[in-house]
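The structure under discussion appears below in the form of structure tokens.
Below, all heavy atoms of this structure are taken into account, side chains as well, without hydrogens, waters or symmetry copies. A note on names: the letters A, B, ... follow the listed sequences, proteins ahead of strands, and every chain is numbered from 1.
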Amino acid sequence: MRRETFDRLFTALQGQRCARGPMIAADHLAVLIKQPLGEVCRRSDLLAEGLLYAQRLYHSDFIIVFSDVSVEPEALGVLLEYFPDTNPQPAMQLKISEIKAFDYTRQGRIPVLLEAASLSSMALPAEMPIFVSMKDPFSLAAMAIGTERFLELMITGAARIVDLLEKVTQCQSYLIDNIVSNNYIPFIGAPIASGGLIGRNYFRRFAMPYLEKLLARIPADNFRCLHICGEIGMLGTELADLNLDLLSFEDWHEAMWKPEQQAIAMGFVPTNLFMPTANGDLDAAISQCRKVLPEPYILSAGCDLPAKADPKRVQKMMR
Amino acid sequence: MSELYTKLSDAVVAMKADDVKQLAQQVLAEGLAPEQAIEQGLAAGMNRVGELFAAKEYFVPEVLVCSRAMYAGFDILKDHVVEGAINNKGTIAIGVIDGDFHDIGKNIVKLMLEAAGFRMIDLGKNVTLDRFSEAVDRENPRIIALSTLMTTTMDSMLEITAKLLQKKPDLKVIVGGAPVDTDFAESIGAHFYGGDARAAVIGAHQLLGLSLEA
């Protein structure tokens with residue numbers, strides 16, 4: 001059954017056994033199209049223009065519509081400060097009591113993201129997969145109230161955190177429903193729910209149940225995709241239990257890739273190797289990925305490209 | 001060593017801020033040296049926390065709660081410390097690079113270094129070259145610690161390292177954060193890559209030729 005799902009994705013990728021595509025946020029797109037980041041991250045036309053430009057430049061097999069990590073926190077009510085050339089940043093985070101479960105897909109810049117996906121889809125071949133980024137409930141909840149406070153409360157006020165996670169999961173349910181109803185693929189990012197940051201036990205208790213709720217909303221003809229940042233070696237069992245179709249990561253451990261893990265692997269070329277000044281061996285890193293990733297796989301950067309990534313280096317990965 | 005110091009250390013590791021406060025008050029009531037209670041109790045506890053973190057028995061949530069417990073005791077004891085009585089291994093200025101507002105990693109490294117006996121100058125987040133430079137002039141640190149979570153700031157790391165070393169050639173530079181590694185540290189002329197807070201503590205000692213046990 002799972003194999004059929006993989007094949008559908010790779011059929012969409014024109015039958016290749018290795019697809020390629022970098023994860024690109026608005027900051028690198030802004031550099032590529034020479035527009036202020038402060039505009040690109042707030043305007044769907046510029047975001048789509050950047051995504052399409054990058055797709056042509058890098059010949060990606062798919063696009064991931066992603067602006068920055070603050071899109072959903074802002075939609076929840078976090079006050080952001082915008083800058084011309086750097087990503088927006090939270091000026092004031094929320095109190096737990098201020099967070100409500102509601103359909104927030106018309107709030108903040110979520111419409112910008114969805115509109116950019118729509119504009120991109122109109123310009124791309126019908127068979128090209130379009131992923132739309134969103135966060136897992138754990139990471140979103142942490143960003144909404146402040147990561148340190150959130151992580152401390154897991155120990156000192158777990159009941160409040162559980163209540164918060166339920167609300168945030170409800171909000172994300174509206175978003176994931178919107179994404180799949182438009183035939184986009186939800187690309188769930190988990191920047192805070194990283195093994196190195198919280199370990200296995202907290203992942204099982206506070207991240208995994210809510211991720212499962214979100215994944216359960218994805219219909220069988222769509223794809224269960226997760227990008228997880230940082231160290232994940234200790235989460236092998238949990239990541240296998242999530243029954244993902246695609247797992248994007250930056251940290252490779254042979255042992256993590258358990259036999260029961262059937263997801264397509266995506267990653268894990270180190271992002272710093274795309275910097276113009278990098279002295280690490282990009283070719284070796286790409287070869288290593290090709291060598292260890294089980295087919296079919298998606299060759300990609302381990303996380304989003306640096307804003308000032310050297311396009312020639314990115315193209316090297318795409319060849 | 002007083003049994004109270006061991007209890008203080010244990011209470012920090014056990015994340016029991018209320019116990020730490022009570023024990024700190026007891027240290028004062030019994031006329032024990034507050035600086036010894038800080039070094040052999042609170043800081044020793046945080047060192048054990050660092051070891052547990054490095055061994056992946058503790059993770060960031062525990063480190064944060066332990067640090068709250070440590071500071072709960074520190075706030076009670078600090079006003080009673082005789083000036084100069086606490087061993088200072090050197091000054092380190094730490095900050096998150098311009099363009100990045102993620103400071104959880106920096107905060108953890110800072111508290112582990114502080115617990116290890118370094119005087120920490122916390123420059124906060126989104127720190128420009130000018131602010132690092134001013135801190136070098138003002139505080140004369142022996143080490144600058146540059147932290148980032150975002151790939152966007154890696155160019156700035158290169159520039160800041162180069163300019164600060166030009167200004168103060170004997171300065172040591174530690175870099176850390178998700179997108180960087182040893183190769184990157186070497187490529188920008190930094191002296192040490194701290195993969196986690198414990199590694200940063202070890203690195204700071206190595207760079208200054210200090211023993212971890214001191």
Side-chain angles (χ1 to χ4, degrees), chain A residues 25 27-28 31 37 68-70 81 83 85-91 142-143 146-156 191-192 194-203 206 229-231 233-234 250 270-281 301-309, chain B residues 14-18 52-53 55-69 96-108 111 125-126 148-159 161-162 175 177-189 193 195-197:
Chain A
D27 53 9
H28 183 58
V31 172
L37 173 54
D68 55 83
V69 295
S70 299
E81 189 177 358
F83 307 94
D85 298 313
T86 55
N87 280 307
Q89 299 297 333
M143 289 176 177
T147 303
E148 284 189 31
R149 176 166 163 66
F150 179 87
L151 296 179
E152 283 184 53
L153 279 172
M154 290 195 321
I155 295 174
T156 61
I192 313 287
S194 157
L197 209 60
I198 61 171
R200 186 179 180 209
N201 290 337
Y202 291 126
F203 184 87
F206 294 110
C229 293
E231 190 181 338
M234 66 196 78
E250 56 185 345
T271 48
N272 62 53
L273 296 181
F274 296 101
M275 292 295 289
T277 52
N279 67 353
D281 191 339
C303 204
D304 55 302
L305 291 176
K308 293 177 183 168
Chain B
M15 299 178 267
K16 296 195 179 302
D18 287 343
L52 290 166
F53 183 65
K56 302 192 190 314
E57 289 181 40
Y58 271 13
F59 291 90
V60 173
E62 285 93 349
V63 173
L64 291 169
V65 179
C66 288
S67 74
R68 294 277 179 254
V96 178
I97 297 286
D98 183 17
D100 192 346
F101 292 74
H102 301 86
D103 61 356
I104 188 166
K106 182 268 293 175
N107 291 344
I108 289 171
L111 71 91
K125 48 195 176 184
N126 194 30
T148 187
L149 185 74
M150 299 175 70
T151 49
T152 44
T153 63
M154 291 162 70
D155 277 341
S156 298
M157 262 197 180
L158 168 67
E159 186 191 2
T161 301
V175 298
V180 303
D181 58 15
T182 303
D183 278 343
F184 177 77
E186 285 173 6
S187 76
I188 66 167
Y193 160 67
D196 58 36

Relative to chain B, which segment of [X] carries a heavy atom at a distance below 4.5 Å: side chain, backbone, both, or neither?
X        : answer
A/Glu231 : side chain
A/Phe150 : neither
A/Leu197 : both

Best-contacting candidate, A/Ile198, A/Leu273, A/Asp281, A/Thr147, against chain B by heavy atom pairs under 4.5 angstrom: A/Ile198

Between B/Lys56, B/Arg68, B/Glu186, the one whose heavy-atom pairs under 4.5 Å with chain A are most numerous: B/Arg68

Among B/Glu57, B/Glu62, B/Met15, residue most engaged with chain A (heavy-atom pairs, under 4.5 Å): B/Glu62

Shortest non-hydrogen contact from B/Leu64 toward A/Glu152: CB-CG, 3.6 Å

Sub-4.5 Å side-chain heavy-atom contact between A/Met234 and B/Phe59: yes

Atom CG of A/Asn201: over 12 foreign heavy atoms under 6.0 Å: no

Intermediate values then yes/no, side chain to side chain contact (heavy atoms under 4.5 Å, CB included), A/Met275 and B/Met157: CA-CA 12 Å; A/Met275 292 295 289; B/Met157 262 197 180; over 6 Å; no

